[in-house]
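Here the structure comes first, spelled out in structure tokens, and everything after it is commentary.
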Amino acid sequence: MRSAGPGSPARPGSPEGPDSSEGSDASSGSTPSSGPTPPSGAMSIAAIAAAVRSGEASAAGIVEQYLGVIEAMDAGVGAFLEVAGEAAIAAARRVDALMASGEDPGPLAGVPLAVKDNMCTRGVATTCASRILAGWRPPYDATAVARLAAAGAVTVGKTNMDEFAMGSSTENSAVCVTHNPYDPSRVPGGSSGGSAAAVAAGMIPGALGSDTGGSIRQPAALCGVVGVKPTYGMVSRYGLVAFASSLDQIGPLTRSVEDAALLYSVIAGHDPADSTSIREEPEWTGRLAAPDILEKGVVGTVVGLLREITDGADPEVRSRVLEAAEGLSRLGATVEEVSIPELRFALPAYYLIAPAEASSNLARYDGMRYGLRLGDGSAESVMSTTRAAGFGAEVKRRIMLGTYALSAGYYDAYYGKAQRVRTVLVSAFDAAYRRFDVLLGAASPTVAFRIGEKVNDPLAMYMSDVCTIPTNLAGHPAMSVPFGTAPAPGGNGSATGPAMPVGVQVLAPRLGEPAMFSVAAALERIAPVTEPPVLDRQEL
Amino acid sequence: MAVDASGGSVGYEPVIGLEVHCELATATKLFCSCPNSFGDEPNTNVCPVCLALPGSLPVLNERAVDLAIRVGLALHSDVRQCTFHRKNYFYPDMPKDYQISQYDEPLNAGGWLDLPSGTRVGVTRAHLEEDTGKTVHMGGTGRIHDATFSLVDYNRAGVPLLEIVSEPDIRSPQEAREYVAELRAILVAAGASKARMEEGSMRVDVNISVRPAGSASLATRCEIKNLNSLRSLVRALEYEIARQAEVYRSGGSVVQETRHFDEDTGRTASLRSKEEAHDYRYFEEPDLLRLVPGQERVDAIAAGLPAMPAQRRSEIAALFSSAGAGTGGGAGAGGAREDQIAGLVENGLDGLLLAAVNGGVSPEKALARTANEAASRIDEALALDPESYGRLLVMEEAGKLTATQVKAVLSEMLDEGRGDPAAIAKRLGFETMGAGSINASVEEVVASNAAEWDRYCSGEDKLAQFFIGQVMKATRGKADGKAVVAELQRLRSTR
Ligand SMILES: [Zn+2]
């Protein structure tokens with residue numbers, strides 16, 4: 001295993017390998033009053049799996065250790081909506097039993113993971129952080145979740161999110177606020193904010209998120225972790241509660257590029273239960289973490305510095321992107337600036353297409369079969385009362401936007417035109433990718449903003465996704481890689497705030513994941529050293 | 001409004017188009033692997049997909065596509081690349097609160113259907129969509145307006161439907177009836193659907209307008225939803241034609257609206273106006289891919305398509321003309337025979353008749369037995385082995401079994417779904433009576449009923465029935481009625 005690079009934050013002083021003595025007393029011994037500096041926080045997915053597979057550590061021990069860390073830390077972060085400790089320990093024991101009987105427990109043996117709360121987990125509440133699904137326990141696992149389990153990974157809990165994945169700060173959760181581990185007064189981004197914060201805080205080595213317009217990459221950037229949005233169709237959406245079906249993709253959030261590649265490799269692949277999942281799996285399916293990809297380097301790689309998602313970013317964020325570009329150039333890549341003017345249409349097109357699909361996808365929450373049920377008994381009353389009380393303001397806003405965009409007489413001007421914009425975007429990207437192997441830019445125009453700062457300004461919130469949305473409309477892959485920090489603007493625009501993580505985004509053409517991961521791994525190796533968040537529970 | 005359904009439409013011509021929904025006879029539902037079966041315990045044939053649980057996704061049933069293509073080919077449609085769309089509206093029996101249907105690009109576009117009476121009715125399209133669940137309103141009259149609560153059965157949710165839309169080429173309630181009957185025969189012949197209106201596996205909506213006779217313009221139309229029998233279809237149309245004609249005659253104008261037909265009163269009443277109509281906000285279903293039925297697939301389906309009803313009817317009719325029999329029955333008898341043949345073909349029972357004729361049974365006998373006896377139990381008759389059925393009728397033709405005995409044996413075969421007629425006849429004790437013992441029995445009965453015999457001999461032919469009954473009683477049904485009559489006539493002529 002490669003040692004943790006400078007870009008993968010390691011908790012100072014924590015050992016790289018497993019420590020069995022930590023595992024044995026984790027449940028009882030991890031509640032002292034001193035600030036938690038859990039050794040598990042520094043362990044990579046690769047290291048955990050290697051330790052369990054070699055018999056150095058038990059899966060149950062590892063899982064108990066992480067459960068202890070979550071127990072100690074999450075009250076201050078608010079990353080988890082539900083921790084299924086007993087089920088997780090039981091699953092870990094099954095992994096250990098496989099080891100004991102000499103069977104292969106899978107490539108992710110004993111790796112504890114968290115799952116965004118919009119993915120179905122059999123018997124474990126799946127609510128999308130919405131009142132309308134409060135307490136709903138699915139009778140089945142999402143395909144991605146099942147694939148993780150089949151690979152030996154252990155899902156320990158469900159993470160907070162913007163309600164139905166609609167938002168960029170996780171503040172739209174109907175349950176709780178999630179704090180950015182680097183500055184608890186700031187948001188973790190969203191909508192996969194709980195997954196990003198959990199990974200950044202060291203409570204879990206990896207998590208699944210979903211990305212409809214940037215919901216993996218933007219929080220990954222704001223929390224200083226790696227976040228990958230796969231090519232549309234590479235990861236099954238079966239069991240992912242739909243927001244915008246033609247845009248949604250599940251992907252990993254991890255502390256390193258290698259870990260992201262490992263998780264991606266397990267969850268990717270054709271699923272007959274999802275008609276939009278890609279039938280002909282590319283050659284690299286399942287082996288993105290191979291050295292010929294991650295250690296390939298960037299010599300000869302042609303990188304386009306995409307002005308539309310660089311120039312508009314905050315100056316300090318833009319500086320990190322330019323430094324990343326220079327770094328790649330030094331490593332042997334050809335870096336050129338490129339402009340795709342059509343990208344300016346992406347945000348408006350997205351805010352027609354995504355709400356339109358959402359307005360239909362969320363119709364089923366009508367109080368008839370599951371979830372919240374209110375009203376006086378007539379079907380119309382149950383449906384309208386349930387939906388009025390069950391959905392939050394942002395969800396209602398998007399349902400109304402989408403309903404309007406699809407309405408007779410408006411369809412052509414709005415939804416129809418947005419779909420045509422999508423075609424234009426794909427052509428524009430195609431033209432760029434005839435010259436470039438990958439494109440580079442910011443993953444978010446700003447670093448993490450303060451909690452409450454944008455909640456009353458939906459348009460400002462929507463702009464948080466301006467760098468990530470074009471990829472979703474095109475169905476392409478993209479990922480955010482931590483690349484240093486930038487000083488956050490202070491309160492009232494005066495003093496300078498704390499240094500917050502910056503994410504550099506690597507974009508690639510459809511099924512261009514190998515090149516994307518090669519470049520991301522190179523960036524990780526040259527990224528500035530970033531001190532991991534020091535979480536003081538007193539402060540939290 | 002009082003409407004005279006009989007004469008109110010004089011001077012007006014109806015313009016009718018039909019939308020027929022039929023459930024496709026697949027083993028499983030359109031987008032999941034739940035059984036597609038009628039009459040099961042409520043909410044047992046359900047899964048995350050057809051209950052629209054969060055995160056579930058549809059996967060298209062290719063068998064349903066094949067069946068839809070069969071119908072399309074039988075209706076001379078252009079089978080082509082198509083898309084699925086979502087039709088959005090809220091209703092408790094529709095789990096996703098949208099229906100996956102087809103919109104501007106249907107699987108089968110265009111085509112036609114020739115009515116037996118000669119009219120060609122254009123087919124606009126025949127597209128795939130999913131059925132809804134079934135709502136049962138409890139309390140009150142069972143209608144939604146005075147129900148105390150409602151129950152929903154989702155067994156039907158997601159069952160594959162084919163919606164067949166006709167052009168407005170139909171000009172009378174009788175033609176509408178003929179169209180539905182012929183379409184039903186085609187659906188059954190293609191093996192695509194049971195198409196049973198009484199079970200709801202075939203449902204009819206009509207679009208109807210009237211215009212002054214001879215006019216070529218189209219007037220405002222009304223839609224009448226969910227007609228569940230041919231009789232209702234004809235009644236509803238007759239009423240609606242008279243109603244619309246009356247509106248025009250009294251100087252009013254027809255309002256575009258959806259109407260409901262009340263079986264009890266025989267009237268239609270407004271359900272909702274055009275203004276209240278749903279805006280379904282159709283958009284392409286992002287969870288499904290474009291459906292591209294390749295030429296190879298369509299050709300293979302076309303090659304496997306069985307003979308259609310029109311061809312089968314004419315083949316059977318030809319049996320009668322070539323046999324030179326039954327032509328003396330006059331137009332009325334010919335019409336009744338045509339109806340019987342059409343009925344057998346519509347229900348797919350003509351194979352039984354053909355098996356009997358091929359075995360040497362006369363077409364008349366084969367038609368009578370099949371249309372009267374077999375067709376009274378369609379489901380069981382469809383399961384019969386035609387060859388065994390043929391052998392049964394041959395036994396009757398050869399005088400080995402009487403009519404009564406044939407019916408008894410057939411009843412057993414239908415009960416069991418199979419069986420050798422000879423073995424069943426033996427088990428039931430139906431040994432054939434020789435002519436000698438029949439004659440002896442007739443003589444015995446004649447001797448002990450002297451008064452009736454005198455009346456018969458003086459010309460009261462209807463007393464033959466009495467003697468047949470007596471002989472049957474004496475022989476416990478083993479005698480052949482025809483042989484009894486022949487012996488009675490012989491005795492009378494020699495008296
Ligand atoms: Zn089902």
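Order of the sequence lines sets the chain letters (A, B, ...), proteins ahead of strands, with each chain counted from 1.
- With a threshold of 4.5 angstrom between heavy atoms, B:Asp287 approaches chain A through its backbone and through its side chain.
- The parts of A:Ala408 that come within reach of chain B are both its backbone and its side chain, each placing non-hydrogen atoms under 4.5 angstrom from that chain.
- Taking the centre and axis of the six-membered ring of B:Tyr282, the NZ or CZ atom of B:Lys87 falls outside the cone set by 45° and 6.0 Å.
- For a residue to count as touching a neighbouring chain, one of its non-hydrogen atoms must lie under 4.5 Å from one of that chain's; by this rule B:Pro92 touches chain A with backbone and side chain alike.
- For A:His270 and A:Glu280, the side-chain atoms include no donor-acceptor pair closer than 3.5 Å.
- Between A:Tyr238 and A:Tyr140, the ring planes are tilted. Angles from 30° to 60° get that label.
- Contact annotation for A:Ser236: neither backbone nor side-chain heavy atoms come within less than 4.5 Å of a heavy atom of chain B.
- Inspection of the A:Asp117 and A:Asn160 side chains reveals no N or O donor paired with an N or O acceptor under 3.5 Å.
- Other residues, nucleotides and ligands place more than 12 heavy atoms under 6.0 Å from the CZ atom of B:Arg297.
- Between chain B and the residues A:Met119, A:Gln419, A:Met368, the largest count of heavy-atom pairs under 4.5 Å involves A:Met368.
- For A:Leu133, the part lying under 4.5 angstrom from a heavy atom of chain B is the side chain only.
- Aromatic ring pairs are classed by plane angle as parallel below 30°, tilted from 30° to 60° and perpendicular above 60°; the pair A:Tyr404 and A:Tyr414 is tilted.
- Your options are B:Leu51, B:Asp97, B:Leu60, and the one with the most heavy-atom pairs under 4.5 Å with chain A is B:Asp97.
- When A:Ala379, A:Ala273, A:Ala356, A:Gly416 are compared by the number of non-hydrogen pairs under 4.5 Å with chain B, A:Ala273 comes out ahead.
- A side-chain donor-acceptor contact under 3.5 Å links A:Asn361 and B:Arg86.
- For the set B:Val59, B:Val152, B:Leu57, the entry with the most heavy-atom pairs within less than 4.5 Å of chain A is B:Leu57.
- Heavy-atom pairs under 4.5 Å with chain B were tallied for A:Pro139, A:Ala242, A:Ser360; the largest tally goes to A:Ser360.
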